[in-house]
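Have a look at the structure that comes next, please.
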Amino acid sequence: AKAQGRNNFQFFSAEMNRNALDRLNTENHLQSALQNNEFELHVQPVVDCVSGEVVSVEALLRWRQPDLGLIPPSQFIPIAEENGLIHDIGRWVLAEACRLHQYWVDAGMAPLPIAVNVSAVQFRRGDFADMVAAVLADSGMPAACLQLELTETVMLTASERNLAEIHRLKAMGIGLSLDDFGTGYSSLSYLNRLPLDKLKIDRSFVSDMIADPADMAITRAIVSLGGTLGLQVIAEGVEHEEELKALQEIGCAEAQGYLISRPLQAHEFSNWFREFQA
Ligand code: C2E
Ligand code: CA
Ligand code: CA
Ligand code: CA
């Protein structure tokens, strides 16, 4: 048992070194990823649960690293948050969302609102609303076409100044959603203090709601809370027809997930949307 324990330990520390190396590599490559144009913004449609119409898209960042292929945000956003690159990356994401909007306009498509994810770290610097205003002004995208997805972490770490920024974004006409609702500290007190438009029910509740009555109860409670507070509720991670049906039954407004579509590259989305509308 002792020998085995030692082996396990060696394996564990080798693994840790490998992770540290991976991290170092990732960090080095991440520095140049923006200049080298290695980021891509994919989009996933959100539908109205009743009519089935596409009502908006969520923009999801991908890193196409030449040696490693397509890297999901979970593997580099935390690093970018730690080393501060998230500020430049976040500005790029917003500008890219504006370019997508312009691309739709130029193609004669009715532009859909685009939801962009915002990291809590982006708020900490205190110039977030200025940055958003500048990027919108540069691009000409109407503020009403932009939705920002904030997490509970943003709410919990927001200073007075941040709260003022959030109100300013809202006053500009930007939509505000609370992402991953139910997974954080779920302090319900800020729901009243913040000018939110939407609540996004975390995928963990949606994916278990058919099998687990507790998750169904939580989903139902969030939908009802949204109704009481005048917030539109979006269920994320909808993969099965039964989930969509249950969401319709409990009165959830909007749904997003692989059942409708995976996140797609901009041109793939245009094709998908054309087929969808046909
Ligand atoms: P999120 O905002 O909760 O985004 C939803 C995640 O669920 C996305 O993962 C999406 O691809 C995935 N998803 C959507 N539908 C389904 C489904 O039916 N089943 C399953 N299993 N998954 C589904 P993704 O794209 O890997 O993004 C992960 C997280 O990375 C996002 O979670 C968001 O927090 C963050 N993120 C993505 N793009 C950005 C960005 O531009 N900026 C920042 N700060 N964070 C971003
Ligand atoms: Ca999101
Ligand atoms: Ca989410
Ligand atoms: Ca569960």
Side-chain angles (χ1 to χ4, degrees), residues 30 33-34 38-47 54 56-64 69-100 113-125 128 131-132 135 146-155 157 175-184 186 196-210 219 222 233-244 247 254-266 268-269 272:
L30 199 54
L34 264 181
E38 290 169 5
F39 289 115
E40 288 177 12
L41 207 54
H42 289 206
V43 289
Q44 185 179 37
V46 177
V47 297
V54 177
S56 62
V57 298
E58 178 176 6
L60 293 158
L61 184 61
R62 305 283 181 263
W63 177 16
R64 197 172 294 277
L70 206 60
I71 306 180
S74 56
Q75 297 201 29
F76 63 89
I77 295 272
I79 298 174
E81 287 177 335
E82 271 178 48
N83 65 20
L85 279 171
I86 191 67
H87 296 288
D88 287 344
I89 294 175
R91 187 191 305 109
W92 182 88
V93 167
L94 198 60
E96 188 67 10
C98 294
R99 276 189 288 275
L100 178 62
I114 304 174
V116 167
N117 290 284
V118 178
S119 150
V121 176
Q122 288 178 269
F123 262 97
R124 253 170 245 160
R125 213 160 64 169
F128 181 71
M131 184 277 283
V132 174
V135 172
L146 179 64
Q147 289 165 7
L148 295 176
E149 297 199 354
L150 315 176
T151 60
E152 291 176 320
T153 316
V154 173
M155 306 304 169
T157 59
L176 299 175
S177 309
L178 187 55
D179 207 351
D180 304 336
F181 188 71
T183 57
S186 293
L196 293 168
D197 302 287
K198 299 183 185 214
L199 284 183
K200 296 193 79 168
I201 308 176
D202 190 69
R203 171 157 61 88
S204 57
F205 303 117
V206 176
S207 59
D208 279 354
M209 68 186 283
I210 300 298
T219 304
I222 296 174
V233 177
I234 306 182
E236 55 179 32
V238 180
E239 295 186 358
H240 304 101
E241 202 64 62
E242 303 96 287
E243 290 155 5
L244 186 60
L247 289 164
E254 298 176 359
Q256 174 183 2
Y258 295 170
L259 176 67
I260 298 124
S261 168
R262 286 178 179 267
L264 301 169
Q265 287 181 302
E268 291 174 327
F269 175 76
W272 178 90

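FYI, the numbering just counts along the sequence from 1. Order of appearance sets the numbers: ligands from 1, and atoms from 1 within every ligand.
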For the residue pair Gln256 and Arg203, establish whether any side-chain heavy-atom pair is separated by less than 4.5 Å.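 A side-chain contact under 4.5 Å is absent here.
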Quick one: are Val118 and Phe128 in side-chain contact, heavy atoms under 4.5 Å?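 Yes, at least one pair of side-chain atoms sits under 4.5 Å.
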Does the Gln122 side chain pair with the main chain of Ser119, one donor and one acceptor, at a distance under 3.5 Å?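 Yes, the answer is positive, given that a donor and an acceptor are paired below the 3.5 Å cut-off.
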3.0 Å shell around the Ca ion (ligand 2), exclusive bound, protein N/O/S atoms: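 The number of such protein atoms is 4.
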Any side-chain heavy atom of Val46 within less than 4.5 Å of one from Val54?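 Val46 does not reach Val54 side chain to side chain.
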Could you tell me whether Arg62 and Glu38 have a side-chain N and a carboxylate O separated by less than 4.0 Å?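 Result for this pair is no, no salt bridge flagged.
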Residues Glu254 and Lys198 bridged, charged N to O under 4.0 Å: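 Yes, charged N to carboxylate O under 4.0 Å.
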Near ligand 1, which protein residues have a heavy atom under 4.0 Å away?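 The answer is Gln44, Glu58, Leu60, Leu61, Arg62, Pro73, Ile77, Val93, Asn117, Ser119, Asp179, Asp180, Arg203, Glu236, Gly237, Val238, Glu239, Gly257, Tyr258, Pro263, counting any residue whose heavy atom sits under 4.0 Å from ligand 1.
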Without hydrogens or angle criteria, can the side chains of Glu149 and Ser177 be said to hold a donor-acceptor pair below 3.5 Å?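 Glu149 vs Ser177: no donor-acceptor pair found between side chains.
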Would His42 and Glu40 count as having a side-chain donor-acceptor pair, cut-off 3.5 Å?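 Side chains of His42 and Glu40: pair found under 3.5 Å.
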Spacing of Leu178 atom CG and Ile201 atom CD1 [to the nearest 0.5 Å]: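 Between atom CG of Leu178 and atom CD1 of Ile201 there are 11.5 Å.
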